[in-house]
Peer 1: 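Once you've had a glance at the structure underneath, I'll fire off some questions.
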4 protein chains.
Amino acid sequence: MKRNRPKYMQIIDAAVVVIAEKGYHQAQVSKIAKQAGVADGTIYLYFRNKEDILISLFQEKMGNFIELIEGKIAGKTTAVEKLLMLVESHLEWVAGDSHLAIVTQLELRQSNKDLRLKINDVLKGYLKLIDKIVVEGIERDEFRKNLDVRLARQMIFGTIDETVTTWVMSDAKYDLLSLAGPLHQMLVNGCGYQTAGN
Amino acid sequence: MKRNRPKYMQIIDAAVVVIAEKGYHQAQVSKIAKQAGVADGTIYLYFRNKEDILISLFQEKMGNFIELIEGKIAGKTTAVEKLLMLVESHLEWVAGDSHLAIVTQLELRQSNKDLRLKINDVLKGYLKLIDKIVVEGIERDEFRKNLDVRLARQMIFGTIDETVTTWVMSDAKYDLLSLAGPLHQMLVNGCGYQTAGN
Amino acid sequence: MKRNRPKYMQIIDAAVVVIAEKGYHQAQVSKIAKQAGVADGTIYLYFRNKEDILISLFQEKMGNFIELIEGKIAGKTTAVEKLLMLVESHLEWVAGDSHLAIVTQLELRQSNKDLRLKINDVLKGYLKLIDKIVVEGIERDEFRKNLDVRLARQMIFGTIDETVTTWVMSDAKYDLLSLAGPLHQMLVNGCGYQTAGN
Amino acid sequence: MKRNRPKYMQIIDAAVVVIAEKGYHQAQVSKIAKQAGVADGTIYLYFRNKEDILISLFQEKMGNFIELIEGKIAGKTTAVEKLLMLVESHLEWVAGDSHLAIVTQLELRQSNKDLRLKINDVLKGYLKLIDKIVVEGIERDEFRKNLDVRLARQMIFGTIDETVTTWVMSDAKYDLLSLAGPLHQMLVNGCGYQTAGN
DNA sequence: TATGAATGAGTGTTCATTCAT
DNA sequence: AATGAATGAACACTCATTCAT
């Protein structure tokens, strides 16, 4: 169960590939093992069970992403700028790894309730990040004073998520990154920020 | 396969109850048959297969809902008013049938990709309705001229969906209907509409 | 799970054959199903799980045997005669169904502790029968007054069981039934009964 | 594979502990290795395979026991006295090492047929010892002239074995040693010996 | 129409054994 | 001699669907 050995990430990356290409329900442990170039049994030296592979996958990938964004945001002053950075980073992250995008946006959502609850725990870190930006925006008078933080967070996350899911389901037929600007404008307007062109 | 016989809706309603109470992965055909008071084999006189039950369920329930909203919206003049009506109706619909809410917001999303694609077909009718309101809002100068219709639609649907999902996952612990006003304000602001209090 | 349908006994008899011929650890459910002439899944319409097949097997076969002996014994007057009847019946039963003998004497004993505990429950009926004969023998002054009933029962059962197991492990090379007389004499002597030839 | 190195007995003793505490089916090689304080692979420097550990265990422990009894019996004159010594020694041996008792009476019997045949080879030394006492008893006119030696041996071994097994399965709740006298009386009576109190 | 007994394909996980170091 | 990471074969059980009645 040593999570710092090379085979740990090797198996997780193999799981991403197999799930993305074959789909969640066709991602048998034996297929993941084959893709990772290890024996079936070796999987269980690094993960408790199949579910543990999927949770670990989400934690590693989403966890890294959240840390990445936190770093990028730290350099920005206003909530509006921070939100732009978050939107851009999110779209870049998704567009940069199509396999991972398919896995997190489509395939992993068909998992059972237990797994989804654990995935939600990981997501909470991301939602808290959004909350912090919204609260800051209100305090700095960038956003409406009477803005409901939870609703604003649900708008920001729901909109980005829906945008990304639509894009993934379209087989990435159009340019996702160019949507960052317009998307950002909608979200800050929704938060009560008055953009110039309005 | 006659869809107008009483047992057709009887089976669909049984499916809603079973899925809501037991969860998607515990909703075996035999359980649905038992709940509907028919034999397992009878199911296959009305539906091609299990997937067909779920698609039909979504079509019947969501189809009714779309028709309902279309009627309500027809009586409104402005896009802003129409959007408020849509948000209110959506929240009322969800809050009014907790079984159906659990099924559509949580359980049916665990279905495989094929089923989800077919569910999306049904949703398209709803998304078109939103598109129509957005286009009208732009033409009537209520919304920004340069508003991206697809993005606006994704914001509106994504935000409502995320709000409802969060509420369902919280076991409906708070009042959903009272969120309609604030939710609506965020969405129209996002579309470039200047509300009074801003 | 209806235990009075023909397939119930059909599956149990198939299990006896497969276990006797292939051994306990090679008696996969699929082999039993094939031998019974039914599909794998059909097994589970009649038994909860594999363990349930084995317990039921023991209950049906041993249960019948105990009833059989009880009937035969009822016709006898003295404890000595009853014990002879029990020994003869036991040896006849075993010698009459070599498959069943292998299963109960050798194969089923390799089962796990849970299963063995349940098998012991069934055996208790047999042990109680022995106890009754011993108690009667003491009361009727056929056996020693100070005979320890539990020890006598362990001698009677242990001796018969060891005799039968040795015979089964020898591949039934010699005549088992002819041992009934000498075996019986030893046991009643052990209980304090004075046989003529002594 | 040198059986006189310290680790040989170290591993056997570890096997006794692990099997007694966890049960036969939970006694994985890795657990035995851990208990013995050696690496998994080291086991295979001293034993051909897992079965070889168990056979060796039985040989070492039972072999010692047989030698012990042979010595004790040598000092006795009559077959009746020798049998008493055997019964007492057997019960003392079992009662003195509860781990070993569990292993030999309960756990090792769940092994497969091959292993049981090899265990029987070890037991033959014990059975021959019993045979010798019985033959001597007949020759010395202590036992019946027409006593069947094999049956007598099966009675003696089967009775002791059943008594011990029942005691072990009862979690050693009562005093086993005090049964030696009554047990012995039953056995010699069974062999045709007339005890005083009869 | 309606029934429900029967079907049979499909998979996560364990653990004795090996072998490069 | 000793290690322990890696191997890979093996199997009980579920449930959507069928079809004889």
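First the proteins, then the strands, lettered A, B, ... as listed; each starts at 1.
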Peer 1: Spell out, as yes or no, whether a donor-acceptor pair under 3.5 Å connects the side chain of C/Gln35 to the backbone of C/Val18.
Peer 2: no
Peer 1: Using whole Å, report how far OH of C/Tyr46 lies from P of E/dA6.
Peer 2: 4 Å
Peer 1: Applying salt bridge (charged side-chain N to carboxylate O under 4.0 Å, His left out), which residue pairs with at least one partner in residues 98-111 of chain B are found, sequence neighbours left out?
Peer 2: A/Lys113-B/Glu107, B/Arg109-B/Asp161
Peer 1: For the pair D/Phe65 and D/Tyr126, name the ring-plane relationship: parallel under 30°, tilted 30 to 60°, perpendicular over 60°.
Peer 2: tilted
Peer 1: Are there runs of at least three consecutive Watson-Crick or G-U pairs touching DNA chain F, with each pair's two distances under 3.5 angstrom? Give them by first number.
Peer 2: E:2-21 with F:2-21
Peer 1: With sequence neighbours left out, what residues match C/Ser30 under side-chain contact (heavy atoms from CB on, under 4.5 Å)?
Peer 2: C/Gln28, C/Asp40
Peer 1: Nucleotides 18-21 of chain F: which of its N/O atoms have a protein N/O under 3.5 Å away?
Peer 2:
none

Peer 1: Heavy atoms, side chains only, cut-off 4.5 Å: are D/Leu123 and D/Phe58 in contact?
Peer 2: yes
Peer 1: Can you check the C/Arg5 CZ to E/dA5 C1' distance for me, whole Å?
Peer 2: 7 Å
Peer 1: Of all of residues 20-38 of chain D, which get a heavy atom below 4.0 angstrom from DNA chain F, listed by number?
Peer 2: D/Val38
Peer 1: Using modelled atom types and a 3.5 Å cut-off, is there a donor and acceptor pairing between side-chain atoms of D/Lys50 and backbone atoms of D/Val29?
Peer 2: no
Peer 1: Within a strict 4.5 Å, meaning less than it, do heavy atoms of the C/Ser111 and C/Leu54 side chains meet?
Peer 2: no
Peer 1: Less than 4.5 Å apart, any side-chain heavy atom of C/Leu117 and any of D/Met169?
Peer 2: yes
Peer 1: Which whole-number value in Å describes the distance from B/Leu45 CG to F/dT17 C1'?
Peer 2: 12 Å
Peer 1: Hey, is the side chain of C/Lys7 poking within less than 4.0 Å of OP1 or OP2 on E/dA5, counting only N and O atoms?
Peer 2: no
Peer 1: Are any of the side-chain heavy atoms of B/Ile119 and B/Val122 separated by less than 4.5 Å?
Peer 2: no
Peer 1: Going by salt bridge (charged side-chain N to carboxylate O under 4.0 Å, His left out), name the pairs with one or both residues in residues 9-28 of chain A, residues two or more places apart or in two chains.
Peer 2: A/Asp13-A/Lys61
Peer 1: In this structure, how many angstroms lie between the C1' atom of E/dA16 and the CG atom of D/Asn49, rounded?
Peer 2: 9 Å
Peer 1: What is the separation between atom CD on B/Glu51 and atom C1' on F/dC15, rounded to the nearest whole Å?
Peer 2: 16 Å
Peer 1: In this structure, how many angstroms lie between the P atom of F/dA16 and the CG atom of B/Asn112, rounded?
Peer 2: 13 Å
Peer 1: Of the options F/dT17, F/dA2, E/dA2, whose atoms approach the side-chain atoms of B/Lys50 most closely?
Peer 2: F/dT17
Peer 1: Decide, yes or no, whether a salt bridge links C/Lys118 with C/Asp121 under the criterion of side-chain N to carboxylate O below 4.0 Å.
Peer 2: no
